[in-house]
Student: 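First the structure, which I've put down as structure tokens, then a few questions once you've had a look.
Note that ligands are numbered from 1 as they come in the structure, with each ligand's atoms numbered from 1 the same way. Note that the coordinates shown come from a computational prediction; the quantities given were computed from them, not determined experimentally. Just so it is clear, the values below take in all heavy atoms, side chains as well, and ignore hydrogens, waters and symmetry mates.
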Amino acid sequence: MSKKHILFIHTGGTISMKKHAETGGVELDGGNPIADVIEIPDVDAVYTVKEPFQIPSPHMTVNEMMTLKKLIEQTEADGVVVTHGTDTMEETAYFLDLTLSVDIPVVITGAMRSSNEIGADGLSNLIAAVKTAVSDQSANKGVLVVMNETIHSAQYVTKSHSSNLNAFQSFDAGPIGSVLKTGAHFFSTPAASETFDIGSIDFTIPLLKAYIGMDDVLIKQLSHCDGVVIEALGQGNLPPAAAQAVIQLIESGVPVVIASRCVSGIVQPVYSYEGGGRTLKEAGALFAGGLNGQKARLKLLTALSSGRKEELPYIFA
Ligand code: ASP
């Protein structure tokens, strides 16, 4: 059997950074140590390396995500491994999950410790990502996030710890697999998800978080937006003044998606008191299911970008 061909796409993040000896600050220093890795022990593959940009992941925008999408669509490789900062990794992973229609494995990884820190996890994460990308079992499972020898679906995973090596969790669904010495081992296949054939991606969609006593001040400023996502309370409820402003926003034609600020669970229109999720739903609010706010935002963005504004109630059913 011929060797698998893996495309590495390096984008920056802590996996490519160094801790500065004098200042102690972690930063990019011009080179990218992870891009020098072109052989993985015990994996019989050949590699192509692309470095379209090298940035911290808080600097990522839809433009960079579109660049990644195009590189992946154009490749003739058998699998792709993207290295990426962890702060926004789940968003790039989910954006690609929503927009790619490829049947090769696409795996994203990164590191919680920079390349010259003691116990740096970048190389072991890269090795685990490659072991996953060369596995035939990894195809057609959507975009995968591999961190800490654990395989997550882009649909479910979130960065849940700011610094711990085990920072990535899939709270409701659990991880879909594990990377063993011998290779990727899957426990389950993620639910099939819809992909969007996107066009222009130039939309303004802010994400707000609800809190005790939230008023209408911020929400009233958003009537020019293409859509709004709110991480509401519990199963999808808002304080009365905020709810009133949301209803006015919906009446003015702005789609509003309700997610939850809880780290797990699924939003549902249950409560019919003022501001309760049921009243928001009746007013036309869309419910994000189990997606967190940042992923609900990307789903709204890609749905609008594919020209399907009229279908939003079915897309967020
Ligand atoms: N701040 C870094 C980034 O996202 C964190 C990391 O890569 O782990 O680029």
Student: Is the ring pair Phe187/His185 parallel, tilted or perpendicular, if the boundaries are 30 and 60 degrees?
Tutor: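 The arrangement is perpendicular - the two ring planes meet at more than 60°.
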Student: For Asp29, enumerate each residue passing the salt bridge (Lys or Arg N to Asp or Glu O under 4.0 Å) test, keeping only those at least two apart in sequence or located in another chain.
Tutor: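 Listed in chain order: Lys18.
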Student: I'd like to know if Leu249 and Leu207 are part of one continuous hydrophobic network [Ile/Leu/Val/Met/Phe/Trp/Tyr, side-chain heavy atoms within less than 4.5 Å].
Tutor: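 Not linked; separate clusters.
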Student: Can you sort out the partners of Arg308 under side chain to side chain donor-acceptor pair (under 3.5 Å), two or more places apart, ordered by chain and number?
Tutor: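 By the side chain to side chain donor-acceptor pair (under 3.5 Å) rule, Arg308 matches Glu194, Glu311.
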Student: So, using side chain to side chain contact (heavy atoms under 4.5 Å, CB included) as the criterion, who are the partners of Thr150 when residues are at least two apart?
Tutor: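 Thr150: side chain to side chain contact (heavy atoms under 4.5 Å, CB included) contacts with His152, Pro175.
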Student: Mind checking what residues have non-hydrogen atoms under 4.0 angstrom from ligand 1?
Tutor: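 Residues Gly13, Thr14, Pro56, Ser57, Pro58, Gly85, Thr86, Asp87, Ala111 each place a heavy atom under 4.0 Å from ligand 1, listed by chain and number.
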Student: Around atom CG of Asp42, are there more than 12 heavy atoms of other residues, nucleotides or ligands at under 6.0 Å?
Tutor: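 No, the 6.0 Å shell around CG holds no more than 12 heavy atoms from other groups.
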